Amino acid sequence: MKAKVIKSTGSWYICESEEGQIRARIKGKFRIQDLNTTNPLAVGDVVFLKKEEGLETYMIHEIEDRKNYIIRRSPRNPHKNHIIASNLDQLFLVGTMSMPRTSTGFMDRMLMIAEMHHIPATLIINKRDIYKDKDFERFDLIKKTYENIGYGVELISAHNEEDVERLNGLLKDKTTLFAGHSGVGKSTIINQLIPDLDLQTKELSSYTHKGKHTTTYSEMHLLPVGGYIVDTPGIKELAAVDIEPEEVSHYFTEMKDLLPNCKFNNCLHREEPKCAVRQAYMDDLLADSRYGSYLKILEEVSSIDYWKR
Ligand code: GDP
Ligand code: ZN
């Protein structure tokens, strides 16, 4: 029987199948792609189940090839990876203009990760109900910047029914990863989309504990309109990716097409002569904030410390 892994509790996997939710485990030696991972299966994996002889439980005996997956370094073992989720159709990057204020630096970092994994991303800017003029002004600039380079941008309030309906339209029949700092309203939005779920939300005062999470496992939630949401812990680890300095610009979607026009093929687009990226920046064709984020990420991945993390 075919099923989808929607939760992992260590040795047991909760799978969604035609017969509803089923508990299953891996038995014996299980062959999968050699990714040097701490978890052989991740939420989103499509698996095949067999009933265990004489038991009520199921055994996972096969996994379908993953369309894509998001991986991070294991927090406990730096030589191993942890698969956060697989078979994703899109990323919803949830941010806010205030309470808390999401930086474009963070957005660009997350968008870079989405590009690395070939996952289309949409910016979801939440809490519009509390914005002041200056927040709307900042939002307008952000909307322009990101729509210009091909990303969808939605302004919503988790408390507004029409906004939630609009999100439902974008989520229907897709598997969507929700990412964003703690406190931006991910759980609140998910609770609105799936009223039966009742995820715990945090009090406004507690979101200073950025990155603090109770679980290290991702979880998938079935949407009433069809499709799944993946709620991921550990946004910090997610942002820690192994990447060469030369690669960074490949994942800035508006820079990608300019690269063949740089004089040097190992150009890092800083001070090099005849650099097409820098030229675009000078000509105001590349947003200041985006170029700034690029330089910051470049500096980070070029530093020795980065590789020692
Ligand atoms: P998470 O850490 O991203 O899951 O954030 P939570 O869902 O726990 O929300 C953090 C706080 O923001 C809670 O106090 C929510 O009630 C509040 N919140 C979430 N969405 C909205 C919104 O659209 N407007 C307002 N005013 N507050 C919101
Ligand atoms: Zn260049």
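As the structure lists them, so they are numbered: ligands from 1, and atoms in each ligand from 1. All residue numbers refer to positions in the sequence shown, counting from 1. Small disclaimer: the values here were computed from a predicted structure and weren't measured.
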Quick one: look at [X] and ligand 1, take heavy-atom pairs under 4.0 Å, and tell me if it's side chain, backbone, both or neither.
X    : value
H181 : backbone
V184 : both
T188 : both

ask   = Judging by distance only, is a nitrogen or oxygen of I130 under 3.5 angstrom from one on ligand 1?
value =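 No, no N or O pair falls under 3.5 Å.
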
inquiry  = So, regarding A158 and ligand 1 (criterion: nitrogen or oxygen to nitrogen or oxygen, under 3.5 Å), is there a contact or not?
reply    =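 Right, the criterion is met.
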
message = For the metal site, I want the angle between atom SG of C262 and atom SG of C275 with the Zn ion (ligand 2) at the apex, to 10°.
response =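 C262 SG and C275 SG form an angle of 110° at the Zn ion (ligand 2).
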
query = Relative to each other, are the rings of H181 and F106 parallel, tilted or perpendicular (30° and 60° limits)?
reply =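 Parallel: the ring planes of H181 and F106 meet at under 30°.
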
query = Should the pair Y131 and F136 be assigned to parallel (<30°), tilted (30 to 60°) or perpendicular (>60°) ring geometry?
reply =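 Ring orientation, 0 to 90° scale: perpendicular.
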
Would you mind checking if [Y] and [X] are paired as a salt bridge, meaning a charged N to carboxylate O distance below 4.0 Å?
X    : Y    : answer
K263 : E272 : no
D140 : K143 : no
D89  : K67  : yes

request  = Counting heavy atoms only, name the option from D163, T96, N160, D129 that's nearest to atom 26 (N) of ligand 1.
outcome  =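 Closest candidate by heavy-atom distance is D129.
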
inquiry  = On a heavy-atom basis, I'd like to know which of Q192, K127, R128 is closest to atom 21 (C) of ligand 1.
reply    =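 Ranked by closest heavy atom to atom 21 (C) of ligand 1, first place is K127.
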
message = If the cut-off is 4.0 Å to any non-hydrogen atom of S157, which atoms of ligand 1 fall inside it?
response =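 Answer, ordered by atom number: 23 (O).
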
ask   = Which ligand 1 atoms are under 4.0 Å away from a heavy-atom of G183?
value =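 Listed by number with element: 1 (P), 2 (O), 3 (O), 5 (O), 10 (C), 12 (O).
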
message = So is S182 touching ligand 1 or not, going by heavy atoms under 4.0 Å?
response =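 The answer is yes, since S182 has a heavy atom less than 4.0 Å from ligand 1.
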
key: Audit row: F178, I190, side chain to side chain contact (heavy atoms under 4.5 Å, CB included) steps and yes/no   = CA-CA 9 Å; F178 271 54; I190 296 171; 4.1 Å; yes

inquiry  = Would you say D45 and S86 are linked by a side-chain donor-acceptor pair, where the criterion is simply a distance under 3.5 Å?
reply    =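 Yes, side-chain donor-acceptor contact under 3.5 Å.
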
inquiry  = What I want to check is whether the side chains of Y291 and D108 have a donor and an acceptor closer together than 3.5 Å.
reply    =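 There is no such pair between these side chains.
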
ask   = With the Zn ion (ligand 2) as the point of reference, which N/O/S atom of H269 is the closest?
value =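 This residue's closest N, O or S atom turns out to be ND1.
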
